[in-house]
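Note: hydrogens, waters and symmetry copies are ignored here, and every other heavy atom, side chains too, is used. As the structure is a prediction and not an experimental result, all values here were calculated from the model.
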Amino acid sequence: MEYNFREVEKKWQAYWAQNKTFKTENKSSKPKYYVLDMFPYPSGAGLHVGHPLGYIASDIFARYKRLKGFNVLHPMGYDSFGLPAEQYAIQTGQHPEITTKTNIARYREQLDKIGFSFDWDREVRTSDPHYYKWTQWIFIQLFNSWYNPETNKAEPITALINKFRSGTLAIDGGWGQVWDTLSEKQQSDILLNYRLAFLSDTMVNWCPQLGTVLANEEVKEGVSERGGYPVERKLMKQWSLRITAYADRLLNDLDALDWTESIKEAQRNWIGKSEGTSLKFKVQSSEFEIEVFTTRPDTIFGVSFVTLAPEHELVESLTTPQQKSAVDEYIIFAKNRSERERMADVKKITGVFTGSYVIHPFTGKQVPIWIGDYVLAGYGTGAVMAVPGHDSRDYAFASHFGIEKLIIIKPPADWNFEKNSYDEKEGTLINSDFLNGLEVKTAIKKIITAIEENELGKGKTNFRLRDAVFGRQRYWGEPIPVYYENGIPKVLNENELPLLLPEVDKYLPTETGEPPLARAKDWQYSPSPSERGQGGEVFPYEYSTMPGWAGSSWYFLRYMDAHNEKEFVSKEAANYWQNVDLYIGGAEHATGHLLYIRFWTKFLNDLGLIPVTEPAKKLINQGMIQGVSSFIYRLATNISYSGKQVDARCLPPESIPPIIISKILSEKLWNKSASFDEQVSLDNFLFQITKKLQEKNPEKIGEVKYNEVSPSYPIHVDVNFVHNNILNKSEFKEFKNGEFKEALFFDNENDDYICGSEVEKMSKSKYNVVTPDKIIEEQGADCLRLYEMFLGPLEQSKPWSTSGISGVSNFIRKLWRLYHTADWNISPLLRRGAGGEVISSEPATKPELKTLHKTIKKIGQDIENFSFNTSVSSFMICVNELTDLKCNKHEILEPLAILLSPYAPHIAEELWSKLGHTESIAYATFPVCNEEYLIESSFNYPISFNGKTRFFQEYNRSLSKEDVEKEVLTLDQTQKYLEGKAPKKVIVVHNKIVNIVV
RNA sequence: GCCCAGUUGGCGGAAUUGGUAGACGCGCUGGUCUCAAACACCAGUGAGAAAUCGUGCCGGUUCGACUCCGGCACUGGGUACCA
């Protein structure tokens, strides 16, 4: 009987669902283990083969941990707020909720087919009011908190008010003990400077096409991450989260995490801590001072100018009348220069002189003040002391405007200052007064002392990290639970949550440019008499919604207690599950999601709501599975058509069909240096085309010529029409609503059209998305699981290819046969499909036990090390060996089924039941390796000495660890033993020479 | 530019972390079976006639290097005027 995966997989999936095999309780005598996947955004394209990669890995681990006796939490949910559903709503008018529900249903169906061991009773959806109620609740906690630098944690804002009231803390600007005399508006404005969720005028990344602001993390190379639209800088009143308060803790706590070094590095760079000094320069004949931030105070004697950011507050005051028009012009220029333009021409140096000077604090010399947009307003103090000799940016600026360059550190002898500044942080100082002769490091210490003594500034730390913009001018997100009373932002009470997303007639901004929520009827707060006493009053709600990352910043906590209506997570559940033991997801979230989720975790911990300060102990990043796009090459021809030369692309499709040429031909057309032979064949080819077209349309077509400039262009073609790079022409006719129905193919090889191919990110627009459905349908879920693992190391990106899947498919068949064949003596040909279901109860032989225990050891190690790819190999070896040994013994096959169950759960369950078990294999215990079976009897082992390799017999010996340590020979000893004598016996344990008998 | 990761047969990738490089799978070649094909099974498969040579390139440490050290090249990812 051959293995019928369709029947078996269906059967067990139904069994698991019915029996709630993977339901997890919040109490257990077993130790807990939390395995979490980054939950998906349910997109319209469905789950593609890349998604399950991480899910399969985490499922293997979760199942393994269950077999190892852990109480495992392994949940799944959906990050269901987001842009694509809203974009779809704008185009079609369909409510994003409907789109989202449909997509989720499709995702669920696909996930179920793969046989994951998720506890679906704990499913969360970020767009579900039962969930976002608590996202809003956390926002309120953030609003009601401030960061106390003394205790170094978040505290209730009331504690701050008390400090202001009692005068223990001076209100900014040193107003003294006047808190209660201030108006409510004044108090609110002051508190906004402290709240962890706050409203402020911020420079934001505004994306006009999307009609919303974006976080820095959502902007890639000056365009939006989603959609790729240009992004510009704009000043807007915005909700932000004060993540910068946590910068130091986010940085320091990285060290203790078991995350990959590359993710930790990315976060370190993103936080960008830099230690330096603030330093004040007095402006000549004026009251003003310019404060700069520098990490190189040692270069103070090399300062030849000071540069301000165009947005710097002193720009106007410092500009002399003579320079005013030039400066004004420059400020306008800088403002209109969008972020993208600035990125595109980073090398372009722009700036203007203010006309004013500062006094150098140590030399007393005049130093000119310039404005330049290479200085960023948002970083440091928005002003720098320019040292053109030792900073490449200052160097470029000084060179461009002909400003003096001072050399104050001795560079290497061959250094050419005509070309480059000397930026290295090493060397001896020269021309630097009291710093002369000192090394850079010593000089830094000495100058900081001098600066502090003279009260010119002090040591200071800066972070690159910015506060996180939290408002989005979008519909499909969590409403921010805020209303405005006389312009003062106020949050809702807990019992007024959730603030439900209102219905709107359109998902676009209003005509006046307000966010879509402004379209909602009665989008205003009317407090019940119990809340506010009077009643009858109404206050407008906030129009913006939360960003996509809000709901995903705490979801790991909700899984612990998914149905709790009273709390976001109960104390008991949070104390029991602590944090995620293993988190698996893509590395692309390094500076976005993974930073925010750490921030919220720390905040919730500060409030004493959860016991942990980090969301995940261990993080594994699965690699991306790329798609292989296929291309056809369309000829951009000039055809004389009714006597006129026209580009074929401009002609109506019914008169000139698309001409598709081979890749080779396309490359030849582009290649200007084509040889004479090739030219001849090209002319011949064009002649053929002309002929063929004329056959179809004799009176209209004249001569066909190819476009010299761009002879052909590639078009993505749906990979489903392509097999082994050969295009299925009849299927292709339906592509893009029949645009290519009449296409003519010219391929000088034969009738098959060979497509070009390229590895790219899997995406709907590239027509290269491969879903797992087809493989599950044709080969089964276990095959997909094993194959995805077999593809290569989990963390490595790799293009999707099914070329090797037959190996895995064969393995599954061989495995099935192992449990079903009675007579080993019949020919292999007959054995296929023969035999009953006979498992022998005979005791296993030594070689059989060796094969089994070797596999137990290997699989255990592999899972612990996340090298799932080599496990699949080990299973293959194991099954091959057992087949060779004709082993059908219960003693061997039972533990083998358990080993396999994390990888191929369906077939493992089926075999398990054939072995006479009535309970799911999920309740079995992972077998233990007995090392005694693994010891080799003897084999040849080479020892190279004096350039010669000789082979010696290795003799088996059972040695304890202590024995090995005692007997391991040093190199000298080995040499001595071998000198001139042939050893009789060399004893090797685990490839280490432990003894030599001469 | 800076940071991180990587480079092993025709292909995906192994190598117990310094000890027989190429496990396992794909592909390919030959064979068995078949009227034939497919499936399955058996054998072979880094290069070379051989000695030998082979883990991106150059050099070093070592009895011994894919593995460790120094330099370079290329590929992929992240980031960018952060003072």
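- Its glycosidic angle being more than 90° from 0, B:U62 falls on the anti side.
- With a 3.5 Å ceiling on both atom-pair distances, the Watson-Crick or G-U wobble partner of B:G46 is B:C53.
- Rounded to whole Å, atom P of B:G1 lies 19 Å from atom OH of A:Y422.
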* Asked: Can A:Y379 and A:F293 be said to form a side-chain contact (heavy atoms from CB on, under 4.5 Å), step by step?
  -> CA-CA 9 Å; A:Y379 183 79; A:F293 174 76; 4.0 Å; yes
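- Taking every heavy atom of residues 802-809 of chain A and every atom of RNA chain B, pairs under 4.0 Å involve A:S803, A:G804, A:S806, A:G807, by number.
- In this structure, B:A73 and B:U7 make a Watson-Crick or G-U wobble pair, each of the two defining distances being under 3.5 angstrom.
- Between the P atoms of B:G12 and B:U62, the separation comes to 36 Å (whole Å).
- Between the P atom of B:A83 and the CG atom of A:D298 lies a distance of 14 Å, rounded to the nearest Å.
- Between A:N810 and B:A40, a side-chain N or O to OP1/OP2 separation shorter than 4.0 Å is present.
- Side-chain nitrogen and oxygen atoms of A:Y374 include none within less than 4.0 Å of the OP1 or OP2 phosphate oxygen of B:A83.
- A:N880 comes within 4.0 angstrom of sugar-phosphate atoms only, judged by non-hydrogen atoms across all strands, and of no base.
- Of the nucleotides present, B:G60 is the one that pairs with B:C68 by Watson-Crick or G-U wobble criteria, both distances under 3.5 Å.
- In this pair, A:H593 and A:H589 present their aromatic rings perpendicular. The plane angle is above 60°, beyond the 30 to 60° band.
- Of all heavy-atom pairs spanning A:Q622 and A:I584, the tightest one is OE1-CG2, 4.0 Å.
- A glycosidic torsion no more than 90° from 0 defines the syn conformation; B:G12 lies beyond that range and is anti.
- Base pairing analysis places B:C24 opposite B:G12; the two distances defining the Watson-Crick or G-U wobble pair are each below 3.5 Å.
- Considering every non-hydrogen atom in both A:M38 and A:L594, the closest pair reads CE-CD2, 4.0 Å.
- When the P atom is compared between B:G13 and B:G56, the two are found 15 Å apart, to the nearest whole Å.
- Spacing of C1' atoms, B:G22 relative to B:U7, comes out at 16 Å, to the nearest Å.
- Between B:U45 and B:A23, the distance separating the two C1' atoms is 15 Å to the nearest Å.
- Position along RNA chain B of the nearest nucleotide to A:I877 versus A:R296 favours A:I877 as the more 5'-ward residue.
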* Structure fact -> Reading nucleotides 4-14 of chain B from 5' to 3' and marking B where a protein heavy atom lies under 4.0 Å of the base, S where only the sugar-phosphate is that close, and - otherwise, the string is S-------BSS
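- Judged by Watson-Crick or G-U wobble contacts below 3.5 Å, the nucleotide B:A83 has no partner.
- When Watson-Crick and G-U wobble pairs are counted only if both distances are under 3.5 Å, B:A40 pairs with B:U32.
- Distance alone, capped at 3.5 Å, places no donor-acceptor pair between the A:S421 side chain and the A:G389 backbone.
- Here B:A83 presents its P atom at 13 Å from NZ of A:K460, a figure rounded to the nearest Å.
- A close approach under 4.0 Å does occur between a side-chain nitrogen or oxygen of A:R813 and OP1 or OP2 of B:A40.
- Between A:R466 atom CZ and B:A80 atom P the separation is 11 Å, expressed in whole Å.
- Projected onto RNA chain B by closest heavy-atom contact, A:G272 and A:K858 fall at different nucleotides, the more 5' of which corresponds to A:K858.
- B:G27 and B:A80 are spaced 45 Å apart, taking the P atom of each and rounding to whole Å.
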* To do: Given side-chain hydrogen bond (donor to acceptor under 3.5 Å, both in side chains), test A:D373 with A:T350 step by step and report yes or no.
  => CA-CA 7 Å; A:D373 70 353; A:T350 63; 3.1 Å; yes
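- Nucleotides B:C53 and B:G48, compared at atom C1', are 8 Å apart to the nearest Å.
- The two residues A:Q267 and A:W259 have their closest heavy-atom pair at NE2-CZ3, 4.0 Å.
- Here the closest heavy-atom approach between residue A:I243 and residue A:Y596 is recorded as CD1-CD2, 4.1 Å.
- Distances were taken from every side-chain heavy atom of A:R817 (C-beta onward) to each of B:C41, B:C24, B:A83; the shortest belongs to B:C41.
- Across B:A38 and B:A51, the matching P atoms stand 37 Å from one another, rounded to whole Å.
- Using a 4.0 Å heavy-atom distance criterion, A:K814 is classed as a sugar-phosphate-only contact.
- Relative ring orientation between A:Y3 and A:W816 is described as tilted, the plane-to-plane angle lying within the 30° to 60° band.
- No donor-acceptor contact under 3.5 angstrom links the side chains of A:E291 and A:T381, judged on distance only.
- For A:K405 and A:Y395, the positive end sits near the middle of the six-membered ring, less than 6.0 Å away and at most 45° from its axis.
- One interatomic measurement links the two molecules: CD1 of A:I625 to P of B:G77, which rounds to 16 Å at whole-angstrom precision.
- Within 6.0 Å of CD in A:E313 there are 12 or fewer heavy atoms belonging to other residues, nucleotides or ligands.
- In this structure, A:F463 places its CZ atom 13 Å from P of B:A83, rounding to the nearest Å.
- Taking atom CG on A:D862 and atom C1' on B:A23, their separation rounds to 12 Å, with Å as the unit.
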